[in-house]
Amino acid sequence: MSERRALLRRIRTWLILFIVCLVLSGLTAFPLVHELRWAEDLLRSSASPVPEHFPALTEWITKVRTGLDQTDAKYPFVLYGTDWLAFAHLVIAVAFYGPYRDPVRNIWVIEFGMIACAGIIPLALICGPVRGIPFWWSVIDMSFGVFGVIPLLVVRRMIKRLEVLERASRPESAPTVAPAV
């Protein structure tokens, strides 16, 4: 029984980590305009070695910041789409409470998350070029799927072990006998 509790604790720890990352990722989608200004200021500060070593990154951040500033000034409703992106992250994070409560019964949420992580790669490879995103930035985007699937694979493996432990701890059910007529 203690092995089951320890396994359940590890599953829940991984899930909390995953949920926190999803929530943080979602929350960062709300203040994009301000975040890009801060990022550009940080990159352009005299203490930053980034412009010298990664000029393309600095140029890209400036381009994105300029685009967001202009969009925010002229068409702020377009940024409503990123609000929905943030909301989606938060809603998906809530879905992972199911496996937290009952991992074996809700393993499908973990598998759904794994499918979503896999889906990031074709999305970035297809939509990135269509939207003029530099390939190296698409690689960064794809890394969210690659790194996101790792804890989900670990959790899924642990849930499968937990399922075996739970099945083994159940008393064998007595064979059913048909009533005499």
Side-chain angles (χ1 to χ4, degrees), residues 1-36 38-39 64 68 71 77-174 176:
M1 200 53 127
S2 66
E3 182 183 357
R4 183 189 173 283
R5 266 183 274 147
L7 190 55
L8 189 57
R9 190 174 329 119
R10 285 196 311 269
I11 289 168
R12 288 178 171 165
T13 299
W14 277 98
L15 284 170
I16 287 170
L17 173 70
F18 192 78
I19 289 167
V20 166
C21 289
L22 266 174
V23 167
L24 291 175
S25 179
L27 292 177
T28 63
F30 284 116
L32 282 180
V33 174
H34 301 292
E35 287 172 340
L36 265 293
W38 296 331
V64 173
L68 281 174
T71 301
F77 55 87
V78 172
L79 295 176
Y80 188 53
T82 62
D83 297 337
W84 280 103
L85 170 70
F87 178 72
H89 277 78
L90 301 177
V91 169
I92 293 167
V94 169
F96 281 89
Y97 179 66
Y100 181 89
R101 268 191 20 231
D102 188 344
V104 173
R105 187 169 54 147
N106 293 300
I107 193 169
W108 69 270
V109 177
I110 304 302
E111 293 166 345
F112 165 80
M114 293 167 63
I115 292 166
C117 286
I120 290 172
I121 297 185
L123 178 85
L125 289 172
I126 294 166
C127 295
V130 169
R131 301 289 184 201
I133 306 297
F135 179 73
W136 56 268
W137 194 265
S138 292
V139 170
I140 292 170
D141 290 340
M142 288 185 281
S143 74
F144 283 93
V146 173
F147 291 117
V149 80
I150 292 169
L152 295 177
L153 285 167
V154 169
V155 167
R156 186 180 184 283
R157 190 180 71 226
M158 287 190 288
I159 291 173
K160 287 297 190 179
R161 273 200 320 233
L162 180 65
E163 182 179 27
V164 168
L165 287 174
E166 287 181 355
R167 209 176 302 129
S169 70
R170 285 188 214 133
E172 290 296 320
S173 57
T176 56

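Scope of the values below: all heavy atoms of this structure, side chains included, with no hydrogens, waters or symmetry mates.
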Requested in this report: Would you give the length of the straight line joining atom CG of Leu165 to atom CD of Glu3, rounded to the nearest 0.5 angstrom?
Outcome: 4.5 Å
Report task. Check the pair Val23 / His89 against side-chain contact (heavy atoms from CB on, under 4.5 Å), numbers first and verdict last. Result -> CA-CA 6 Å; Val23 167; His89 277 78; over 6 Å; no
**Report entry** Spacing of Leu85 atom CG and Leu32 atom CG [to the nearest 0.5 Å]
**Finding:** 8.0 Å
Query - Criterion side-chain contact (heavy atoms from CB on, under 4.5 Å) on Phe18 and Val155, from CA distance to verdict - result: CA-CA 10 Å; Phe18 192 78; Val155 167; over 6 Å; no
Query raised in the report: Is the backbone of Cys21 close enough, under 3.5 Å, to the side chain of Ser25 for a donor and an acceptor to pair up by distance?
Result: no
Query - Smallest separation among heavy atoms of Val109 and Pro99, with atom names - result: CB-CG, 3.6 Å
Query raised in the report: Going through the distances and angles, do Trp14 and Leu152 end up as a side-chain contact (heavy atoms from CB on, under 4.5 Å)?
Result: CA-CA 8 Å; Trp14 277 98; Leu152 295 177; over 6 Å; no
Query raised in the report: How are the rings of Trp84 and Phe87 set relative to one another: parallel (under 30°), tilted (30 to 60°) or perpendicular (over 60°)?
Result: perpendicular
Query raised in the report: Leu68 pairs by side chain to side chain contact (heavy atoms under 4.5 Å, CB included) with which of Thr82, Val33, Val78?
Result: Val33
Query - Whether over 12 other heavy atoms sit under 6.0 Å from Phe144 CZ - result: no
Query raised in the report: What are the two closest heavy atoms between Ala124 and Ser138, and how far apart are they?
Result: O-OG, 3.6 Å
Query - Flag side-chain contact, heavy atom, 4.5 Å: Ile159 against Arg156 - result: no
Query raised in the report: Which value, rounded to the nearest 0.5 Å, describes the distance between Glu111 atom CD and Asn106 atom CG?
Result: 11.0 Å
Query - Residue pair Leu125 / Phe135: nearest heavy atoms and the distance that separates them - result: CD2-CE1, 4.0 Å
Query raised in the report: Which distance, rounded to the nearest 0.5 Å, do you find between the CD1 of Ile110 and the CZ of Arg157?
Result: 13.5 Å
Query raised in the report: So, for Met114 and Leu153, which heavy atoms are closest and what is the spacing to 0.1 Å?
Result: CE-CD2, 3.1 Å
Query raised in the report: How far does CD of Glu163 sit from CG of Leu7, to the nearest 0.5 angstrom?
Result: 11.5 Å
Report summary line: In short, Pro151 meets Gly148 closest at the heavy-atom pair CD-O, 3.3 Å
**Report entry** Rounded distance [0.5 Å steps], CD1 in Ile120 versus CG in Asp141
**Finding:** 8.5 Å
Requested in this report: Applying side-chain contact (heavy atoms from CB on, under 4.5 Å), run through Ile107 and Lys160 and close with a yes or a no.
Outcome: CA-CA 9 Å; Ile107 193 169; Lys160 287 297 190 179; 3.9 Å; yes
Report summary line: For Pro103 and Leu8, the nearest pair of non-hydrogen atoms, with its separation, is CG-CD1, 3.5 Å
